[in-house]
Amino acid sequence: LGLPVHVTAALTAWEGLVARQRYLNHRAWSAWAHQHAATRQRLGEAEVDWLPDWAARDVRRFASIHDHLPQQVAELNQAYLERELIACEQFLDSVEQDPLTDKQRRALLTDEDYTLVIAGAGTGKTSVVVAKVGYLVQRLGVPPQEILLLAYNRAAAKEMQERVDQRVGVDLKVSTFHALGLGIVGAVQARKPSLSRLAERSDEPAGFIEAVLQDMLADAVSRVPLLRHLIEYLRPCRTPEEFADQHGYITYLKSADIK
């Protein structure tokens, strides 16, 4: 009777996952599959004809779920998304200035471990992030302090902060990657390290490099090595023998601006 008991426990756990009426992310369903993998292996070695009808039905149902788990999860998640699209329609229509598109809606409703959103500039990626914050907090009950919202630079962080404040009204601090790291170092070491001005202003690095090159060109010792490097090593040196034909070599010379 050990095998039916394990099968019943696995089905109960599975039904508990499904009953949550939440998106089944990879972490949740793969943990279930791993936990009950040994039971599924024993089924392949055991005869179930001797089991009572109810036990045999459970065994077959468990085996079917375990063997077709990705398909089962995909169907459950698709059904979840369709329900949420209807239940959250008012929120998705009004969370940003314009109603979100279908792809934006599905991107933010997908509660996977990792979700990669790929889109061009100005196509609404920030809208997805802002709406995602509102959805997690208002619909799924995620505490704001458990959400880490990062932007690449200060301007993007400022824009995102304003939109989170205005559109979803969630008390959440938007930070840059650098500010987050600086804050962590400061918390651990009791003081924040000083930063180079090159890290503070986006226009500083180019000006700094130009100034260094001008100083080197003005110096009699460094001028010749610098010019030689720029002339001879700025582009990879390739010989005609490395190309299939002369046309390929000439094309390379033109693209490298070699005179």
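Since the model is a prediction, treat every value here as computed from it, not as a measurement.
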List, one per line, each side-chain donor-acceptor pair under 3.5 Å for residues 218-228, sequence neighbours excluded.
{"unit_1": "D219", "atom_1": "OD2", "unit_2": "V221", "atom_2": "N", "d": "3.0"}
{"unit_1": "D219", "atom_1": "OD2", "unit_2": "S222", "atom_2": "N", "d": "3.0"}
{"unit_1": "D219", "atom_1": "OD2", "unit_2": "S222", "atom_2": "OG", "d": "3.4"}
{"unit_1": "S222", "atom_1": "OG", "unit_2": "M216", "atom_2": "O", "d": "2.6"}
{"unit_1": "R223", "atom_1": "NE", "unit_2": "L217", "atom_2": "O", "d": "2.9"}

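K125 pairs by the salt bridge (Lys or Arg N to Asp or Glu O under 4.0 Å) definition with nothing, not counting sequence neighbours. Evaluation of the side-chain hydrogen bond (donor to acceptor under 3.5 Å, both in side chains) rule for E15 yields R61 as partners, not counting sequence neighbours. Legend: residues meeting side-chain contact (heavy atoms from CB on, under 4.5 Å) with P99, ordered by chain and number and at least two apart, are D93, R105. By the side-chain hydrogen bond (donor to acceptor under 3.5 Å, both in side chains) test, Q78 pairs with E82, sequence neighbours left out. Among residues two or more places apart in sequence or in another chain, the ring pair (Phe, Tyr, Trp, His ring centres under 6.0 Å) test is passed with H66 by W32, F62. Considering only residues two or more places apart in sequence or on other chains, R238 meets the side-chain contact (heavy atoms from CB on, under 4.5 Å) condition with E242, F243, Y252. Residues meeting the side-chain hydrogen bond (donor to acceptor under 3.5 Å, both in side chains) test with Q21, sequence neighbours left out: R83. With sequence neighbours left out, the side-chain contact (heavy atoms from CB on, under 4.5 Å) criterion links T251 to H247. For D165, the side-chain contact (heavy atoms from CB on, under 4.5 Å) criterion is met by Q161, not counting sequence neighbours. R57 meets the salt bridge (Lys or Arg N to Asp or Glu O under 4.0 Å) test with no other residue; sequence neighbours excluded.
Grouping Ile, Leu, Val, Met, Phe, Trp and Tyr by side-chain contacts under 4.5 Å, direct or through others, puts I118 with L116.
Contact check on E162 versus R167 returns no salt bridge, with no Lys/Arg side-chain nitrogen under 4.0 Å from an Asp/Glu carboxylate oxygen.
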